Amino acid sequence: MTTVRIPADWPGTEEQARAVQDALRARVVLDEPGPPPGTGRVTGVDVAYDDERDVVAAAAVVLDAASLDVVAEATAVGRISFPYVPGLLAFRELPTVLAALDALPCPPGLVVCDGYGRAHPRRFGLASHLGVLTSLPTIGVAKNPFTFAHDTPDTPRGSTAPLLDGREEVGRALRTRDAVKPVFVSVGHRTDLDNACAHTLALTPAHRLPETTRRADALCRRALREAAGA
DNA sequence: GCGACAG
DNA sequence: ATCTTGTCGC
């Protein structure tokens with residue numbers, strides 16, 4: 001486990017944070033399909049907080065994409081770098097997530113984030129931001145809808161409904177289990193939406209949420225407990 | 001101006 | 001995200 005320091009140039013206000021998003025948005029790469037599902041490695045990242053003690057813990061868990069076996073994992077802890085503001089989640093999560101990724105002993109391959117990528121008010125959610133800072137292919141898989149309207153996908157696993165910003169499809173509500181509430185998938189960086197959904201299905205053989213985020217969630221909670229928990 | 005709003 | 005018991009089901 002590594003300890004993180006908040007970067008000296010990290011935004012201190014919502015105004016500054018939005019300016020950073022507007023400046024970095026142009027660097028998102030959208031014309032690559034990304035790695036094929038079921039090959040190479042797939043990494044889940046997640047973060048847990050103890051607002052009382054101002055502690056944050058992040059985890060990165062690398063899975064073999066074919067077997068979904070854990071190949072490597074790393075954690076990082078630090079101070080909370082930003083309050084939770086819808087649309088600015090990246091500024092709260094990224095410093096610690098980046099440190100956890102840096103601590104991995106192997107390349108992460110595709111990174112699966114807990115949240116949104118392009119399906120964001122300024123087209124630059126957590127998954128896109130992480131992708132631009134690392135150059136890694138990323139996707140976002142969120143548990144709840146954000147600001148975009150969508151229809152209800154059909155009942156069977158694999159069914160989708162577009163997340164629409166006007167007439168533009170910025171993500172998809174994707175059913176990963178029959179008749180269970182869908183997850184919300186969007187492109188982060190260097191992937192396309194079809195592939196992002198295919199990856200999400202490949203990572204959900206048994207549960208609504210991807211194995212990557214389930215593993216990362218369990219690990220960062222444990223790291224938080226060991227770092228600050230009572 | 002009033003809600004809604006990833007984690 | 002987090003506070004929280006038992007309970008129904010694969």
Side-chain angles (χ1 to χ4, degrees), chain A residues 4 11 14 17-18 20-21 25 28 44-61 75-98 100 111-132 138-150 157 162-165 170-174 176-189 193 196-197 200 204-210 212-225 227-230:
Chain A
V4 204
E14 299 184 19
R18 286 189 203 94
V20 170
Q21 292 181 330
R25 182 177 44 216
V28 177
V45 292
D46 195 18
V47 178
Y49 302 94
D50 184 334
D51 285 275
E52 292 295 301
R53 307 187 185 200
D54 189 37
V55 179
V56 54
V61 180
T75 59
V77 298
R79 296 296 178 188
I80 296 176
S81 54
F82 209 83
Y84 171 64
V85 179
L88 301 178
L89 182 62
F91 298 94
R92 182 167 166 83
E93 307 216 326
L94 281 188
T96 325
V97 167
L98 289 168
V111 179
V112 181
C113 297
D114 213 346
Y116 283 109
R118 289 195 70 213
H120 175 276
R122 284 170 297 283
R123 291 289 189 287
F124 198 69
L126 169 66
S128 298
H129 201 147
L130 179 63
V132 165
T138 62
I139 67 173
V141 180
K143 297 181 284 298
N144 297 293
F146 195 3
T147 54
F148 300 101
H150 66 87
R157 163 179 156 89
L163 262 44
L164 295 175
D165 183 7
V170 295
R172 273 176 208 156
L174 169 66
T176 55
R177 305 293 294 162
D178 292 350
V180 171
K181 174 180 175 173
V183 297
F184 303 87
V185 180
S186 59
V187 165
H189 182 61
L193 189 52
C197 289
T200 303
T204 51
H207 300 278
R208 176 171 86 113
L209 297 179
T212 39
T213 62
R214 289 169 47 78
R215 293 325 246 272
D217 179 79
L219 183 56
C220 71
R221 290 191 197 218
R222 179 151 56 84
L224 180 66
R225 214 182 331 122

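Please read all numbers here as calculations on a predicted model, not as lab measurements.
Side chains of A:Ile139 and A:Leu193 form no contact here, defined as non-hydrogen atoms less than 4.5 Å apart. Considering only heavy atoms from C-beta on, A:Leu88 comes within 4.5 Å of A:Gln21 through its side chain. Counting only heavy atoms from C-beta outward, the side chains of A:Lys143 and A:Thr213 never approach each other to under 4.5 Å.
The backbone N or O of A:Ala127 lies less than 3.5 Å from a partner atom in the side chain of A:Thr138, making a donor-acceptor pair. When atom types are taken as modelled, the side chain of A:Ser186 and the backbone of A:Val170 share no donor-acceptor pair closer than 3.5 angstrom. Without hydrogens or angle criteria, A:Arg92 side chain to A:Pro83 main chain gives no donor-acceptor distance under 3.5 Å. Side-chain atoms of A:Arg157 come within 3.5 Å of backbone N or O of A:Thr176 as a donor-acceptor pair. Judged by distance alone, with hydrogens and angles left aside, the side-chain atoms of A:His129 form no donor-acceptor pair with the main-chain N or O of A:Phe124 at under 3.5 Å.
We find that CZ of A:Arg177 is positioned 17 Å from P of C:dG9, with the value rounded to whole Å. A straight line from CG of A:Leu89 to P of C:dA1 spans 10 Å, rounded to a whole angstrom.
Within 4.0 Å (heavy atoms only), A:Ala48 reaches sugar-phosphate atoms of the nucleic acid but no base atom. Note on A:Leu88: a base of the nucleic acid sits closer than 4.0 angstrom, heavy atoms only. At a threshold of 4.0 angstrom between heavy atoms, the contacts of A:Arg221 are confined to the sugar-phosphate backbone, with no base atom among them.
If you check residues 140-148 of chain A against DNA chain B, the residues with a heavy atom closer than 4.0 Å are A:Ala142, A:Lys143, A:Asn144, A:Pro145, A:Phe146, listed by number.
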Under the salt bridge (Lys or Arg N to Asp or Glu O under 4.0 Å) rule, what do A:Asp46 and A:Arg215 come out as? Steps first, then yes or no, please.
CA-CA 9 Å; A:Asp46 195 18; A:Arg215 293 325 246 272; over 6 Å; no
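For DNA chain B, runs of at least 3 consecutive pairs of the Watson-Crick or G-U wobble type, with both hydrogen-bonding distances under 3.5 angstrom, are absent.
Contacts between chain A and DNA chain B, taken as any atom within less than 4.0 angstrom of a protein heavy atom, begin and end at B:dC5 to B:dG7.
Relative orientation of the A:Tyr116 and A:Phe146 rings is parallel, given thresholds of 30° and 60° on the angle between their planes.
Summarising the geometry, atom CZ belonging to A:Arg208 is positioned 10.5 Å from atom CG belonging to A:Leu174; distances are rounded to the nearest 0.5 Å.
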